[in-house]
Asker: 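After the structure tokens below, expect a handful of questions from me.
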Amino acid sequence: MAFAHPAFFYKDDVDYLSGTASFIRAGLAAGDPVAVAVPGPNLELIRDELGEAAGRVRMLDMTVVGRNPGRIIPGVLRDFADHYPDRHVRIIGEPIWAGRTGTEYPACAQHEALINLAFEGRRVTIMCPYDAKRLEPEVLDDAELTHPVLQDANGERESGLYAPMRVIDGYNVPLYEPPASVALHFDSGNLGEVRHMANEWAMAAGLSGTRLDDVQLAVSELGANSLDHGGGSGVLRVWHEEGRLVCEVSDAGHILDPLVGRSPVDPRTPGSRGLLIVNLLSDLVRVHTREGSTVVRAYFDRPQ
């Protein structure tokens, strides 16, 4: 069985369970490894519906493991599918829910499009549920661009609009300007200041312990990327925004591979993990890249 990536449009809980539970049971009956990564309330619906069979399914709360859409392919989907390279794998992944913000959504849409590149040729089926009643019409329109097959209560059909690169490129736009920020120009001579500045702002945001380490490591990786791939220098900007610490690094590089930062790397492989580490550690990552310019913006939720 070749790679399949259907979007499943549902309108209520009954509709949702009809599509997801049958997908899971068919996989279990075929002996396929099955994983489910959906928002917590939907996860509980599925767990209750499956009963004892839920113990045979890897269950993940997408609001936690997929808080950053850029983390989902390497940290959730590939993390599961790569354990079964010689078997067909079934996954339900619901990365877009009504609580997603406008800042997060472009990264979600790009993620859905990039799944098609990340799993091309793999024996994997990834069903992506969409709440047709609560999500904006534009979100459902994008789903038709990012999924080759569409499903709902009436059955299955091919998407006549399927064009994932249109979504990847369409959301690769200049990022909004923050109301206020502090900037640091850096090169190989003062890279340590990048880590120090990020540390000060993270502490001011109330971050501590491992989360403080996460900010320092992510920003250090972005700075190292600028030295290695961005012309040897860059600019760090930092600010607080709507309950988040935001750290942005810009340089003169150009990211050509849309899957950079989303492919797992063997820990024995030497060299920087760069954007992969940033995706794994951050609560949101937004990127704008073009010839002669790349901007990477990493968001870290402040403690409540």
Side-chain angles (χ1 to χ4, degrees), residues 5 7 9 37-39 62-63 65-77 93-118 126 128-132 134-147 159 161-179 181 218 222 237 239 241-251 253-263 274-276 278-291 293-301:
H5 185 208
F9 301 114
V38 300
M62 186 64 99
T63 65
V65 298
R67 181 75 180 94
N68 171 25
R71 185 191 305 155
I72 299 173
I73 289 175
V76 179
L77 305 182
E94 189 170 3
I96 304 174
W97 54 87
R100 285 290 200 186
T101 67
T103 303
E104 296 167 350
Y105 177 69
C108 295
Q110 287 181 316
H111 155 74
E112 285 283 60
L114 288 167
I115 287 176
N116 301 288
L117 306 185
I126 301 174
C128 301
Y130 281 79
D131 189 335
R134 300 177 64 199
L135 294 174
E136 295 295 327
E138 294 80 4
V139 175
L140 304 181
D141 290 343
D142 280 344
E144 297 197 33
L145 295 170
T146 56
H147 296 79
S159 173
L161 300 177
Y162 178 62
M165 289 306 302
R166 180 175 159 188
V167 171
I168 294 170
D169 295 337
Y171 285 108
N172 179 32
V173 296
L175 304 177
Y176 61 88
E177 278 296 310
S181 64
L222 289 176
R237 293 201 299 171
W239 66 92
E241 172 187 307
E242 297 179 350
R244 285 170 163 168
L245 168 69
V246 188
C247 300
E248 174 192 282
V249 172
S250 58
D251 57 43
H254 184 199
I255 298 175
L256 297 174
D257 180 359
L259 284 174
V260 165
R262 298 172 193 257
S263 299
L275 197 53
L276 174 62
V278 178
N279 270 325
L280 294 176
L281 298 180
S282 307
D283 294 306
L284 174 66
V285 175
R286 295 287 308 278
V287 179
H288 174 236
T289 186
R290 59 179 172 80
E291 187 174 356
S293 175
T294 289
V295 179
V296 181
R297 197 171 280 185
Y299 298 72
F300 300 89
D301 293 341

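All residue numbers in this chain count up from 1 along the given sequence. All values below come from the heavy atoms of this structure, side chains included, with hydrogens, waters and symmetry mates left out.
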Asker: What pair of heavy atoms forms the shortest contact from Arg71 to Val65, and how long is it?
Answerer: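 Answer, listing the atom of Arg71 first, then Val65: CD-O, 3.3 Å.
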
Asker: Any side-chain to backbone donor/acceptor pair from Ser282 onto Leu284? Under 3.5 Å, distance only.
Answerer: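 The answer is no, because no donor-acceptor pair under 3.5 Å joins these two groups.
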
Asker: Using 4.0 Å as the upper bound for N to carboxylate O, is an ion pair formed by Glu104 and Arg244?
Answerer: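 The answer is yes: the pair qualifies as a salt bridge.
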
Asker: Classify the angle between the aromatic ring planes of Tyr130 and Phe9 as parallel (below 30°), tilted (30 to 60°) or perpendicular (above 60°).
Answerer: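 Ring orientation of Tyr130 relative to Phe9: tilted.
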
Asker: Would you say Pro164 and Leu145 make side-chain contact, with heavy atoms under 4.5 Å?
Answerer: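 Answer no - side chains too far apart.
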
Asker: For the side-chain contact (heavy atoms from CB on, under 4.5 Å) test, which of Asp251, Val285, Val249 pairs with Leu222?
Answerer: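 Among the candidates, only Val249 passes.
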
Asker: Please report the interatomic distance OG(Ser250) to CG(Leu175), rounded to the nearest 0.5 Å.
Answerer: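 These two atoms lie 10.5 Å from each other.
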
Asker: Hey, could you give me the CG/CG distance between Leu275 and Leu280, rounded to the nearest 0.5 Å?
Answerer: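 If we round to the nearest 0.5 Å, Leu275:CG and Leu280:CG are 9.5 Å apart.
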
Asker: Mind listing the closest non-hydrogen atom pair of Cys108 and Arg100 along with its distance?
Answerer: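 Closest approach of Cys108 to Arg100, heavy atoms only: SG-NE, 3.4 Å.
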
Asker: What residues form a salt bridge (charged side-chain N to carboxylate O under 4.0 Å, His left out) with Asp283, not counting sequence neighbours?
Answerer: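 Expected list: Arg211.
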
Asker: Would you check if Glu136 and Asp141 make a side-chain contact, meaning some heavy-atom pair closer than 4.5 Å?
Answerer: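 They are not in side-chain contact.
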
Asker: Applying side chain to side chain contact (heavy atoms under 4.5 Å, CB included) to Thr146 and Tyr162, what does each step give before you reach the verdict?
Answerer: CA-CA 6 Å; Thr146 56; Tyr162 178 62; 5.8 Å; no

Asker: Gln110 side chain to Ile168 main-chain N or O, any donor-acceptor pair under 3.5 Å?
Answerer: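 Side chain of Gln110 to backbone of Ile168, a donor-acceptor pair under 3.5 Å: yes, one is there.
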
Asker: For side chain to side chain contact (heavy atoms under 4.5 Å, CB included), just list the numbers for Glu112 and Ile96, CA-CA rounded to whole Å, side-chain angles, deciding distance to a tenth of an Å, and then say yes or no.
Answerer: CA-CA 9 Å; Glu112 285 283 60; Ile96 304 174; 4.2 Å; yes

Asker: Do the side chains of Arg237 and Glu177 get close enough for a salt bridge, i.e. N-O under 4.0 angstrom?
Answerer: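 Salt bridge flag = yes for Glu177 with Arg237.
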
Asker: Could you go through Ser159 and Glu144, starting from their C-alpha distance and side-chain angles, then the distance that decides it, and tell me whether this counts as side chain to side chain contact (heavy atoms under 4.5 Å, CB included)?
Answerer: CA-CA 6 Å; Ser159 173; Glu144 297 197 33; 3.8 Å; yes

Asker: Short question: side chain of Thr294, backbone of Thr289 - any donor-acceptor pair under 3.5 Å?
Answerer: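 Here the side-chain-to-backbone pair does not exist.
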
Asker: Measure across Arg262 and Gly70 and return the closest heavy-atom pair with its distance rounded to 0.1 Å.
Answerer: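 Looks like NH1-CA, 3.4 Å.
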
Asker: Of all the heavy-atom pairs spanning Ile73 and Ala118, show the shortest one and how long it is.
Answerer: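 For Ile73 and Ala118, the tightest heavy-atom pair comes out as CG2-CB, 3.9 Å.
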
Asker: Ignoring hydrogens and geometry, is there a side-chain-to-backbone donor-acceptor pair from Asp169 to Arg166 under 3.5 Å?
Answerer: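 No: the side chain of Asp169 does not pair with the backbone of Arg166.
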
Asker: Could you go step by step and tell me if Asn68 and Tyr299 meet the side-chain hydrogen bond (donor to acceptor under 3.5 Å, both in side chains) rule?
Answerer: CA-CA 9 Å; Asn68 171 25; Tyr299 298 72; over 6 Å; no

Asker: Can the positive tip of Arg297 be found less than 6.0 Å from the middle of the six-membered ring of Tyr176, inside 45° of the ring normal?
Answerer: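 Pair Arg297/Tyr176 counts as cation-pi.
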
Asker: Quick one: pull up CG in Leu276 and CG in Leu281 and give me the separation to the nearest 0.5 Å.
Answerer: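 One gets 9.0 Å once the value is rounded to the nearest 0.5 Å.
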
Asker: Which value, rounded to the nearest 0.5 Å, describes the distance between Ile126 atom CD1 and His5 atom NE2?
Answerer: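 Taking CD1 in Ile126 and NE2 in His5, the distance rounds to 6.0 Å.
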
Asker: Does the separation of the ring centres of Tyr105 and His111 fall below 6.0 angstrom?
Answerer: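 No, the ring centres sit 6.0 Å or more apart.
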
Asker: Do Leu114 and Pro258 come close enough that some side-chain heavy atom pair is under 4.5 Å?
Answerer: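 Side-chain contact under 4.5 Å: yes.
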
Asker: Can you establish whether the number of heavy atoms outside Glu138 located under 6.0 Å from its atom CD is more than 12?
Answerer: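 For Glu138, atom CD is crowded (more than 12 foreign heavy atoms under 6.0 Å).
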
Asker: Hey, mind stepping through Thr103 and Arg286 against side chain to side chain contact (heavy atoms under 4.5 Å, CB included) and telling me if it holds?
Answerer: CA-CA 9 Å; Thr103 303; Arg286 295 287 308 278; 4.2 Å; yes

Asker: How close do Asp131 and Leu140 get, counting heavy atoms only, and between which atoms?
Answerer: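 Closest approach of Asp131 to Leu140, heavy atoms only: O-CD2, 4.4 Å.
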
Asker: So, taking the atom named CD1 in Ile115 and the one named NE2 in His147, what distance separates them when rounded to the nearest 0.5 Å?
Answerer: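 With rounding to 0.5 Å, CD1 (Ile115) is 6.0 Å from NE2 (His147).
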
Asker: Under 3.5 Å, side chain of Arg134 to main-chain N/O of Trp97, donor-acceptor pair present?
Answerer: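 A pair under 3.5 Å: no.
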
Asker: Considering all heavy atoms of both residues, which atom of Ala37 and which atom of Val76 are nearest to each other, and what is their separation?
Answerer: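 The answer is CB-CG1, 4.0 Å.
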
Asker: What is the distance from atom CG of Leu161 to atom CG of Asp142, rounded to the nearest 0.5 Å?
Answerer: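 Rounded to the nearest 0.5 Å, the CG-CG separation comes out at 10.5 Å.
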
